[in-house]
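Numbered from 1 within each chain, the chains take letters A, B, ... in sequence-line order. Here the structure is a predicted model, which means the values were calculated and not measured.
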Amino acid sequence: MREFFQRRGKFRPQPLDESGELQIPEDLWVKCPKCDEVIYSRELERNNRVCPKCSHHLRLRARARIALLSDPDSFTEWDRGIATEDPLEFVDGGGPYTDKLARTRAKSGEGEALVIGEAMLEGRPLVLAVSEFEFLGASMGSVFGEKLVRAIERAAERRLPLVTVSASGGARMHEGIFSLMQMAKTVAALARLGRAGAPHIALLTDPCYGGVSASYATVADIIMAEPGAIVGFAGPRVIEQVTRQKLPEGFQTAEFLLEHGAIDLVVRRDDLRATLTTLLDHYQRNAPPRPVEPLAAPVAVGERADG
Amino acid sequence: MREFFQRRGKFRPQPLDESGELQIPEDLWVKCPKCDEVIYSRELERNNRVCPKCSHHLRLRARARIALLSDPDSFTEWDRGIATEDPLEFVDGGGPYTDKLARTRAKSGEGEALVIGEAMLEGRPLVLAVSEFEFLGASMGSVFGEKLVRAIERAAERRLPLVTVSASGGARMHEGIFSLMQMAKTVAALARLGRAGAPHIALLTDPCYGGVSASYATVADIIMAEPGAIVGFAGPRVIEQVTRQKLPEGFQTAEFLLEHGAIDLVVRRDDLRATLTTLLDHYQRNAPPRPVEPLAAPVAVGERADG
Amino acid sequence: MADGGTPEPAPLAAWDRVKLARHPQRPHALDYLRELTTNFVELHGDRVFGDDHALIGGLAAFDGCTVMVLAHQKGGNTKENIDRNFGMARPEGYRKAERLLRHAEKFRFPVIALIDTPGADVGVGSEERGQATAIAESLLTMADLRVPSIAVVIGEGGSGGALAIGVADRMLMLENAIYSVASPEASAAILWRDAARAPEAAATMRITAPDLLGFGVIDEIVPEPEPAHERPRATIQATGAAIARHLRELLAAYPLDDPAAVDRLREARYRRYRRLGVWRDEADQALRVGSAAS
Amino acid sequence: MADGGTPEPAPLAAWDRVKLARHPQRPHALDYLRELTTNFVELHGDRVFGDDHALIGGLAAFDGCTVMVLAHQKGGNTKENIDRNFGMARPEGYRKAERLLRHAEKFRFPVIALIDTPGADVGVGSEERGQATAIAESLLTMADLRVPSIAVVIGEGGSGGALAIGVADRMLMLENAIYSVASPEASAAILWRDAARAPEAAATMRITAPDLLGFGVIDEIVPEPEPAHERPRATIQATGAAIARHLRELLAAYPLDDPAAVDRLREARYRRYRRLGVWRDEADQALRVGSAAS
Ligand SMILES: [Zn+2]
Ligand SMILES: [Zn+2]
């Protein structure tokens with residue numbers, strides 16, 4: 001499920017400094033992967049990484065996405081301290097999984113591939129769960145699943161809307177069957193969110209595949225995608241290999257998905273805050289009052305399978 | 001919605017005598033509309049009107065169908081006395097609707113296009129609602145709808161399985177909007193049957209279109225069709241006129257529907273009793289005991305819209 | 001049969017109404033949404049096969065609450081009409097409607113349906129993908145809906161394709177709208193084997209709003225002192241006022257936050273449809289073969 | 001990490017199990033149904049687009065009650081395998097599964113799922129018709145099911161295509177079945193860019209029944225003293241006995257006629273999946289960038 005993104009353009013990592021702020025070298029110029037326009041990086045960031053020339057939506061890192069989808073200083077992160085284990089004692093051509101995790105943490109500045117927390121958007125409360133593609137292709141393993149389930153459970157408890165933002169290569173190979181089980185685990189939690197009457201709004205971003213597109217990300221009350229985002233079950237290279245068929249133009253783009261009835265909306269990054277705010281209002285307008293917020297949200301401690 | 005059956009082979013009416021028994025002239029020979037085999041009519045009836053040569057399923061009249069699907073003398077008919085009105089004071093090229101009704105009654109030996117009642121099948125109780133294509137193409141008007149709803153309500157009340165057998169040209173033009181409304185009325189009753197936990201098993205027979213195929217007949221827990229039965233929303237002639245497209249081989253046959261996921265099963269007439277018995281057992285095996293049968297089933301009297 | 005107490009001083013002939021109902025400048029669903037609602041978010045797709053442009057839906061704020069809107073959408077010109085398939089929905093459209101109805105139930109959004117279609121799409125693809133089943137399942141979902149619903153025929157109400165989003169707690173109709181079991185042309189072709197006799201069929205079939213009010217099929221006529229295409233804003237506003245009035249009544253009788261209201265609502269809706277039809281109950285007797293109708 | 005208390009005196013290598021799980025003579029779903037059930041009525045179609053032959057379903061009598069069966073079906077030869085798409089279900093298959101799951105809920109039939117697939121179908125058509133969504137919705141329906149469910153991996157349990165019918169109250173696995181996040185070949189291609197190293201990947205990925213029992217993913221292993229294809233009837237009978245035992249336990253704990261049991265059943269199933277995964281909870285602290293997993 002992960003191989004497809006090897007054929008896509010290299011992502012330029014942006015290391016975080018100790019305060020967690022993005023460090024952008026002053027002199028960096030970025031080339032738009034679609035129109036080849038060379039863009040001054042500060043301008044690109046100011047434009048939320050949308051190409052000013054061709055409107056191509058470049059990938060946005062998790063913390064930049066959170067900044068885009070919340071009011072200033074309103075985001076409270078949850079469960080940064082939950083850490084990845086190596087249940088398979090996994091070693092592949094690149095060496096042990098534990099070494100890879102260490103390198104990935106250093107490179108990405110994140111502890112895992114999903115960032116969760118609560119925030120306000122135009123004064124409206126919401127729970128956010130945003131995947132970080134720079135962390136092993138935002139593949140879903142045990143920690144990704146556990147963090148997402150905690151976010152879902154807290155949203156359900158307080159009847160807060162849940163907004164997930166997903167880019168992912170799929171399930172994380174290095175954790176084997178545990179990764180597959182996160183598909184069931186996250187979807188099961190969403191079933192309960194639904195019964196609690198809180199909406200799940202999913203935003204699919206480039207690229208989104210396999211274990212994520214076939215689980216929580218498409219079990220949503222509203223499914224949005226960014227223009228041009230590539231979303232599917234199997235990656236294009238795998239499909240071409242299996243079917244020996246050339247893929248049609250625009251295959252698996254957000255627009256293709258819209259035409260085929262798979263998603264509700266294609267939303268430009270510029271319009272995202274406004275669309276989301278409108279939707280949050282709709283889901284709140286007829287709803288009964290939310291339960292009074294507990295002073296400190298109790299942390300749901302998951303049991304461990306093998307300990 | 002009715003025009004399609006003008007292109008199909010003429011149906012040979014079999015008048016009933018006063019006892020309601022089929023009167024088959026001793027010397028009648030019937031030609032199979034599919035393979036042209038000339039078949040002695042008694043042999044054809046003994047074979048439940050399945051061509052002994054090519055297995056083509058010829059149309060079966062309502063009372064013969066009921067005999068096929070119930071134990072001898074077990075069928076109790078309901079609501080024979082409900083009579084058709086003429087709310088539109090309808091007159092077309094063929095004259096007044098009331099005259100047409102009188103002629104149709106005489107010709108078909110039936111009071112309306114649907115026969116309802118309760119019966120036993122291999123000792124298992126069920127409610128039957130069987131359409132009579134010889135009565136104005138079994139088009140659904142107010143009486144058809146009202147009788148069907150009464151059958152559904154009684155099945156729900158006693159948690160008995162409902163078996164509908166439908167051949168129909170669709171809604172009855174002569175009763176205008178009232179006919180259209182029977183689609184809503186019958187489906188609404190089925191929603192309540194479902195909540196009562198009683199199954200609706202539908203058998204689609206040749207031909208079944210429009211107002212019937214797009215209402216109660218496809219809102220069923222199990223949808224069966226007879227081999228070769230033609231079932232669809234719009235008739236083939238209408239589709240050809242509208243699209244100016246030649247229709248594919250086998251279009252709208254039961255086998256076409258099975259391939260396109262529209263029905264559960266294609267069942268040969270020979271196998272119908274056995275399949276139905278098996279299904280009735282499945283729906284009864286885990287079910288709570290049925291409510292004790294009232295000594296006399298109360299007749300639900302419908303209000304009249306225009307009285 | 002009389003039409004009932006309809007205030008209709010100088011009734012138009014049925015065929016005149018057909019022409020008005022189909023008038024290309026007559027306001028269509030999106031005109032109503034723009035004028036009557038705010039924050040409309042169109043929701044696309046059936047999550048299975050496609051997105052139908054002839055049957056649209058989405059969330060909108062109306063009269064202080066959020067409603068789920070379903071509507072047939074005709075085009076204003078030929079290009080638009082090709083995109084909208086002239087308002088004739090395919091199975092994908094009815095499956096989108098069903099999906100959005102379930103969404104409305106989950107989040108307790110009342111449903112408002114605007115009906116304006118010549119009928120459901122006729123074609124090989126629509127048959128292959130189960131047009132009949134798609135309509136039937138939409139009927140079932142509407143009949144059993146857990147939230148209040150109001151349907152309004154704003155133009156053409158064509159057959160099962162119209163009814164599929166028209167099983168509602170309140171049924172309104174614009175004065176010059178029509179609602180029929182088959183189009184006048186199809187009716188004429190069946191009745192006289194001559195589609196050109198559509199005007200005659202239109203009269204015979206009793207398809208106008210006053211007819212349907214008399215029959216008890218609809219609850220109210222939204223008057224058009226002048227035809228809708230001549231005074232679109234006034235017509236839309238009058239329609240909005242009527243919808244708002246019925247919606248308030250329904251929400252007062254069946255509050256969204258009262259779980260016990262669901263059963264009462266469904267029961268009332270069932271009774272509404274249960275009574276539709278005209279028949280005569282005779283003693284349950286041996287059938288008099290060939291007897292006349294009375 | 002240890003495998004846990006699995007009785008496995010002379011364990012086969014993972015790759016040997018892969019070969020056994022895929023053995024063409026290994027009994028497939030319909031062999032189980034013929035041997036273990038009576039009155040099987042196969043129910044076809046998704047009511048939307050098609051009937052998938054790779055994922056079958058229907059009603060059957062088993063151990064005195066009626067159950068809804070869902071199963072991947074592989075072919076016994078090339079011709080059958082082409083018809084069955086080698087057991088790789090398309091979106092229509094998962095939508096049929098979902099339809100039958102709802103049917104099972106409505107009539108309170110417990111669900112038995114037999115898993116035997118290399119994975120979900122990969123292709124342009126499957127993408128166009130929403131393979132990802134179809135799988136996700138089947139997961140949701142199984143996770144939230146109102147009746148007890150038992151899933152058994154009888155051969156290959158390939159990725160999301162297997163899991164789609166494998167979210168159950170009890171999860172069994174035959175001794176020589178495999179269950180994995182990706183096929184050994186796909187894993188090898190990803191891990192070493194060399195599909196030929198599949199045997200190595202099979203070992204690395206920990207995909208055997210003893211592995212999964214140790215991980216707490218499955219509840220019981222159905223032993224194969226001899227491989228299933230050598231003694232098919234004995235294997236099928238042993239599987240049937242295990243299913244019956246678990247089904248009786250579930251029905252005793254969650255009686256079909258007790259409405260209160262539904263919530264308890266769902267809660268227990270949620271807990272079952274909620275705990276799956278391996279992680280370490282540290283104090284909620286500033287992230288130590290680059291710290292090892294320790
Ligand atoms: Zn560009
Ligand atoms: Zn023949």
Side-chain touch [X]/[Y], heavy atoms, less than 4.5 angstrom:
| X | Y | answer |
| --- | --- | --- |
| C:R274 | B:R192 | no |
| B:V219 | C:L139 | no |
| B:L247 | C:V124 | yes |

State whether the side chain of [X] and the backbone N or O of [Y] hold a donor-acceptor pair below 3.5 Å, judged by distance alone.
| X | Y | value |
| --- | --- | --- |
| B:E85 | C:R280 | no |
| B:S142 | C:G277 | no |
| C:E127 | B:F233 | yes |

Option that, when pairs with chain C are counted at under 4.5 Å, heavy atom only, ranks first among [options]:
| options | result |
| --- | --- |
| B:T243, B:D99, B:V149, B:V143 | B:V149 |
| B:G141, B:A188, B:G232 | B:A188 |
| B:M181, B:Q182, B:E175 | B:M181 |
| B:G261, B:G194, B:A191 | B:A191 |

Part of [X] within contact of chain B (heavy atom distance under 4.5 Å):
| X | result |
| --- | --- |
| C:T204 | both |
| C:V122 | both |
| C:I207 | neither |
| C:Y270 | side chain |

- Closest non-hydrogen atom pair between B:M183 and C:G160, with its separation: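 Closest heavy-atom pair between B:M183 and C:G160: CE-CA, 4.2 Å.
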- Compare every heavy atom of B:A184 with every heavy atom of C:Y273, then report the nearest pair and how far apart it is.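 Heavy-atom minimum between the residues: CD2-CB, 3.6 Å.
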- Query: How many angstroms lie between atom CZ of B:F90 and atom CE of C:M205, to the nearest 0.5 angstrom?
  - Reply: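 Nearest 0.5 Å value for the CZ-CE distance: 5.5 Å.
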- Note on the structure: Taken to the nearest 0.5 Å, the spacing of B:L88 CG from C:D211 CG works out to 8.0 Å
- Item | Passing candidate, side-chain contact (heavy atoms from CB on, under 4.5 Å) with B:I177, options C:I218, C:L163, C:V217, C:V181 | C:V217
- Look at C:R275 together with B:E146 and state whether they make a salt bridge at an N to O cut-off of under 4.0 Å. no
- Message: Less than 4.0 angstrom from a charged side-chain N to a carboxylate O is my criterion; do B:R150 and C:D281 meet it?
- Response: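 A salt bridge is present here (some side-chain N lies under 4.0 Å from a carboxylate O).
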